[in-house]
Amino acid sequence: MKYNTNIPKGLKEHYDKELNLYRNTLNRKDYGIAWKHLERSHILGQSYPYEHTYSHWLMLKFGFRQKNTKEILGQVVRLVVGGWKSFIDHVPVGNTGGAKVPPLKRMELPHDLEIILNQYRPT
């Protein structure tokens with residue numbers, strides 16, 4: 001069984017870029033775009049426990065900021081189980097991580113993220 005612990009450096013750069021875009025748009029109060037960047041960070045980091053958990057932590061904080069009870073409760077559940085699923089690389093590819101999406105639902109990857117992720121998939 002393969003265990004994921006550390007995100008590859010190049011992939012981490014893309015993950016961090018999405019988080020920076022999230023913070024910038026959040027500061028501008030452009031909440032819809034900010035959320036999209038959080039979802040993209042989730043997609044990029046979901047196979048790695050720290051990044052996966054951190055994306056859900058930010059989604060939880062976003063839920064509190066928006067006073068969205070469904071999002072808050074959904075993120076609490078995901079924070080409890082998401083990290084260990086990443087550790088064993090048993091995640092639904094493309095899942096955006098929000099409470100509106102079933103936690104185990106595979107989703108189509110945005111084309112640009114698919115290209116990025118394919119660069120870091122084991123051969």
Side-chain angles (χ1 to χ4, degrees):
M1 178 182 293
K2 177 181 175 265
Y3 298 106
N4 284 347
T5 53
N6 297 316
I7 190 169
K9 183 181 178 192
L11 183 55
K12 177 85 162 91
E13 291 171 4
H14 291 286
Y15 172 84
D16 288 342
K17 177 184 174 189
E18 291 299 333
L19 291 181
N20 287 331
L21 290 167
Y22 161 70
R23 289 182 188 102
N24 290 339
T25 52
L26 185 66
N27 288 337
R28 291 194 314 262
K29 297 183 180 359
D30 194 346
Y31 300 121
I33 300 298
W35 181 254
K36 290 292 181 197
H37 288 296
L38 264 184
E39 290 177 322
R40 289 171 59 85
S41 78
H42 179 269
I43 291 168
L44 291 171
Q46 71 181 358
S47 290
Y48 305 92
Y50 174 77
E51 288 77 12
H52 190 187
T53 302
Y54 189 63
S55 291
H56 283 300
W57 171 250
L58 292 177
M59 288 179 171
L60 174 65
K61 288 174 55 175
F62 190 90
F64 275 111
R65 178 184 288 263
Q66 299 298 307
K67 297 177 177 64
N68 183 331
T69 304
K70 181 179 179 178
E71 196 62 50
I72 293 166
L73 294 174
Q75 292 309 322
V76 168
V77 169
R78 285 159 174 82
L79 280 166
V80 170
V81 298
W84 71 269
K85 299 285 270 183
S86 298
F87 184 67
I88 59 172
D89 199 20
H90 187 68
V91 295
V93 174
N95 187 291
T96 55
K100 291 181 181 177
V101 177
L104 299 177
K105 180 180 181 179
R106 290 180 62 97
M107 300 173 73
E108 187 173 336
L109 285 168
H111 184 66
D112 64 321
L113 297 187
E114 182 176 20
I115 292 169
I116 292 167
L117 289 170
N118 283 339
Q119 292 175 0
Y120 299 99
R121 289 217 168 102
T123 54

Rounded to the nearest 0.5 Å, how far does CD of Glu71 lie from CH2 of Trp35?
3.5 Å

What is the minimum heavy-atom distance between Gly98 and Gln75, and which atoms define it?
CA-NE2, 3.7 Å

Do Val76 and Tyr54 sit in one hydrophobic cluster, given that two such residues count as connected whenever their side-chain heavy atoms are within less than 4.5 Å of each other, even indirectly?
yes

For Val91 and His52, work out which heavy atoms get closest and say how close.
CG1-CE1, 4.2 Å

Heavy-atom closest contact (Tyr22 atom, Thr25 atom, distance):
O-OG1, 3.1 Å

Just jot down the side-chain contact (heavy atoms from CB on, under 4.5 Å) partners of Ile72, sequence neighbours excluded, or say none.
Leu60, Phe64

Could you grab the distance from atom CZ of Arg28 to atom CG of Asn24, nearest 0.5 Å is fine?
6.5 Å

Determine the minimum heavy-atom distance between Tyr15 and Ile7, stating which atoms define it.
CB-CD1, 4.3 Å

Measure from the side-chain N and O atoms of Thr53 to the backbone N and O of Tyr50, and report whether any donor-acceptor pair falls under 3.5 Å.
no

Rounded to the nearest 0.5 angstrom, the CG-CD distance for Leu113 and Glu108 is 11.5 Å

Examine the side chains of Glu18 and His37 and answer whether a donor and an acceptor come within less than 3.5 Å of each other.
yes

With a 4.5 Å cut-off on side-chain heavy-atom distances among I, L, V, M, F, W and Y, is there a chain of contacts connecting Ile33 to Met59?
no

Tell me whether Tyr31 is reachable from Leu21 by hopping between hydrophobic residues (I, L, V, M, F, W, Y) whose side-chain heavy atoms are closer than 4.5 Å.
no

Once rounded to the nearest 0.5 Å, what's the spacing between atom CZ of Arg40 and atom NE2 of His14?
10.5 Å

Does a side-chain heavy-atom distance below 4.5 Å link Gln46 with Ser55?
no

For Leu11 versus Tyr120, what's the shortest heavy-atom pair and its separation?
N-CZ, 3.5 Å

The reported gap from CD in Glu39 to CD1 in Ile43 (rounded to nearest 0.5 angstrom) is 7.0 Å

What about Leu38 and Val77, same hydrophobic cluster or not, with Ile/Leu/Val/Met/Phe/Trp/Tyr joined at side-chain heavy-atom distances under 4.5 Å?
no

Can a donor-acceptor pair be found, under 3.5 Å and without considering hydrogens, that links the side chain of His42 to the backbone of Asn95?
yes

Is a side-chain N or O of Glu51 found less than 3.5 angstrom from the main chain of Asn6, in a donor-acceptor match?
no

For the atom pair NZ (Lys67) and CZ (Arg65), what is the distance rounded to the nearest 0.5 Å?
9.5 Å

Joint cluster assignment, Phe62 & Val101, ILVMFWY side-chain distance < 4.5 Å:
no

Could you pull out all residues at least two apart from Asp16 that satisfy salt bridge (charged side-chain N to carboxylate O under 4.0 Å, His left out)?
Lys12

